[in-house]
Asker: 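Sharing a structure below in structure tokens format, with a few things to ask.
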Number of protein chains: 2
Amino acid sequence: MTQAGNAQAGPRARQRQARIAQILAGAERVFAEAGFEGASMSELAAAAGLPKANLHYYFGTKEALYTTLLDSILALWLSATDSIRPEAEPAEALTAYIRAKMRWSRERPQASRVFANEVLHGAPYLRSHLAGPLRALVQEKSAVLEGWIAAGRMAPVDPPHLFFSIWAMTQTYADFGAQIGAVLDLPEPDADCFARGTDTILQLVLRGCGLEPPGR
Amino acid sequence: MTQAGNAQAGPRARQRQARIAQILAGAERVFAEAGFEGASMSELAAAAGLPKANLHYYFGTKEALYTTLLDSILALWLSATDSIRPEAEPAEALTAYIRAKMRWSRERPQASRVFANEVLHGAPYLRSHLAGPLRALVQEKSAVLEGWIAAGRMAPVDPPHLFFSIWAMTQTYADFGAQIGAVLDLPEPDADCFARGTDTILQLVLRGCGLEPPGR
DNA sequence: GTCTATATGACGATAGAC
DNA sequence: GTCTATCGTCATATAGAC
């Protein structure tokens, strides 16, 4: 049996991991710009700095490359809700969550766009993950919010729909960056744009939930 | 010179208009599901109930068909801000705007997705429209909000970013309907889902702007 | 493991009969 | 105006030398 992880792996396996990471990094860029159908294996190979055939050697098909990339992006996506825990202060938890999502839009806009493109077209490869792990996560975190509401620590709100709105507002700065940039006369959203966006979203969510900005 | 409009046109021109509308209606569905590159002329022809060659007869190229469709969608998109006028009541104007955008997501999800896909991939065909008419519209409506803020009729807020958030929250119910449906265990967002979503968005925006729901 | 050269098929677009 | 048959191109994927 060959080693799959990267810890304690031999130089052979380590080089393999490096090549795979190299291919996935390029693929994130290309799929983000062109979508699944719009991306060609030639472009994907050029982005990775390798001949076309090597991509087929490592992943078999374009579809397998795409789904591997999607899985790694979804894992990132799911890991951002850590701050929402029953013992946390609601305003602090929501602020931390929104800031984490905005940081993700700023630092990984291409990953966000690959994910958005997949969902936009009906999530053919991701639907089972969304109905499984994501649904479970939303139910868990919604229960935390319900607890806060029942305890009078925040105003009543429909927790899943609050999440849908937070996802939409934060991801729009990555996914629809072209539109925001066009309206603001920028080539793409810059640091100031993200700062103003974060403030606006925090204002809407915190006040909408009857909370004050966390003192610090 | 042939007549382009549909009023006062002869039966020849009227049939031509009908065929074009038929092709565009099918194209909206196909482009929404597959994107520009993912849609094939065969699928587009099948969706219109016509042979492939007829589409080329009416539009020349796939790209021309796509841009014609995009233009018609953008015109719809721009026409939703009518309620935001200086003499209106802020809470009523924002409520009407949000309800109109949600109605659009509910009734024309495919049009919304075609637009989203175009922007997501950098708006290659729409960039000039976004930097032109859309930017002008945002500046005009932002000035209205600035007036309300200066008059103490609503809390201070960054108007363009408020628009970005409202667009994101309302359009997510069309564009990311697959994700929302998966989380809520629905095949797609239904009437109840849209009602709860509308209430949540109204709560965030109105309270976020220091407003009370309009009495009615 | 790597890469060149190529097989196979689908695509957008058009020619030309009706 | 409409439709069938087809052209040339470019895609994914693979065979086989190194």
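Just so we're on the same page: letters track the sequence lines, and every chain starts at 1.
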Asker: Whole angstroms only, please: what is the NZ-P distance between B:Lys52 and C:dA13?
Answerer: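 Distance check: B:Lys52 NZ to C:dA13 P gives 10 Å.
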Asker: Assign A:Tyr58 to base, sugar-phosphate, or nothing according to its heavy-atom contacts below 4.0 angstrom with the strands shown.
Answerer: sugar-phosphate
Asker: Could you give the NZ-to-C1' distance, from A:Lys62 to C:dG9, as a whole number of Å?
Answerer: 15 Å
Asker: Side-chain N or O of B:His56 versus OP1/OP2 of C:dT14: is the shortest distance under 4.0 Å?
Answerer: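 The answer is no; no side-chain N or O of B:His56 sits under 4.0 Å from OP1 or OP2.
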Asker: Hey, are B:Asp158 and A:Thr200 close enough side-chain-wise for a donor-acceptor pair under 3.5 Å?
Answerer: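 Judged by distance alone, the side chains do not pair up.
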Asker: Closest approach to the side chain of B:Met41, judged atom by atom: which nucleotide of C:dC3, D:dG1, C:dG12 is it?
Answerer: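 Among the listed nucleotides, the one closest to the side chain of B:Met41 is C:dG12.
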Asker: Report the distance from atom CD of B:Gln15 to atom C1' of D:dT2, rounded to the nearest whole Å.
Answerer: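 Roughly 11 Å, once rounded to whole Å.
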Asker: Return yes when atom CD of A:Glu188 has more than 12 non-hydrogen atoms of other residues, nucleotides or ligands closer than 6.0 Å, and no otherwise.
Answerer: no
Asker: How would you label the contact of A:Ala45 with the nucleic acid (heavy atoms, under 4.0 Å): base, sugar-phosphate, or nothing?
Answerer: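 A:Ala45: no heavy atom of the nucleic acid under 4.0 Å.
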Asker: Taking all non-hydrogen atoms of both residues, which atom of B:Ala32 and which atom of B:Gln110 are closest, and how far apart?
Answerer: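 In this case the closest contact between B:Ala32 and B:Gln110 is CB-O, 3.4 Å.
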Asker: Rounded to whole Å, how long is the line connecting atom CG of A:Leu65 with atom C1' of D:dT12?
Answerer: 13 Å
Asker: Hey, which sits more toward the 5' end of DNA chain D by its nearest nucleotide, B:Ala53 or B:Arg12?
Answerer: B:Arg12
Asker: To the nearest angstrom, how far is A:Gln22 atom CD from C:dG1 atom C1'?
Answerer: 14 Å
Asker: In whole angstrom, what separates B:Glu37's CD from C:dA10's P?
Answerer: 19 Å
Asker: Kindly say whether A:Val157 contributes a backbone atom to a donor-acceptor pair with the side chain of B:Gln203 at under 3.5 angstrom?
Answerer: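 A pair under 3.5 Å: no.
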Asker: Between C:dT2 and A:Tyr57, is there an OP1 or OP2 to side-chain N/O distance shorter than 4.0 Å?
Answerer: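 No, no such contact exists.
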Asker: Taking atom types as modelled, find out whether B:His161 and A:Asp199 have a side-chain donor-acceptor pair closer than 3.5 angstrom.
Answerer: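 There is no such pair between these side chains.
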Asker: Check the phosphate of D:dT2 against B:Arg19, side-chain N and O only, distance under 4.0 Å to OP1 or OP2. Yes or no?
Answerer: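 Answer is yes, contact under 4.0 Å.
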Asker: When the distance from CG of A:Leu55 to C1' of D:dT14 is rounded to whole Å, what number comes out?
Answerer: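 After rounding, the reported distance stands at 14 Å.
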Asker: Please report, rounded to the nearest Å, how far the P atom of C:dA10 is from the CG atom of B:Leu44.
Answerer: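 Atom CG in B:Leu44 sits about 18 Å away from atom P in C:dA10.
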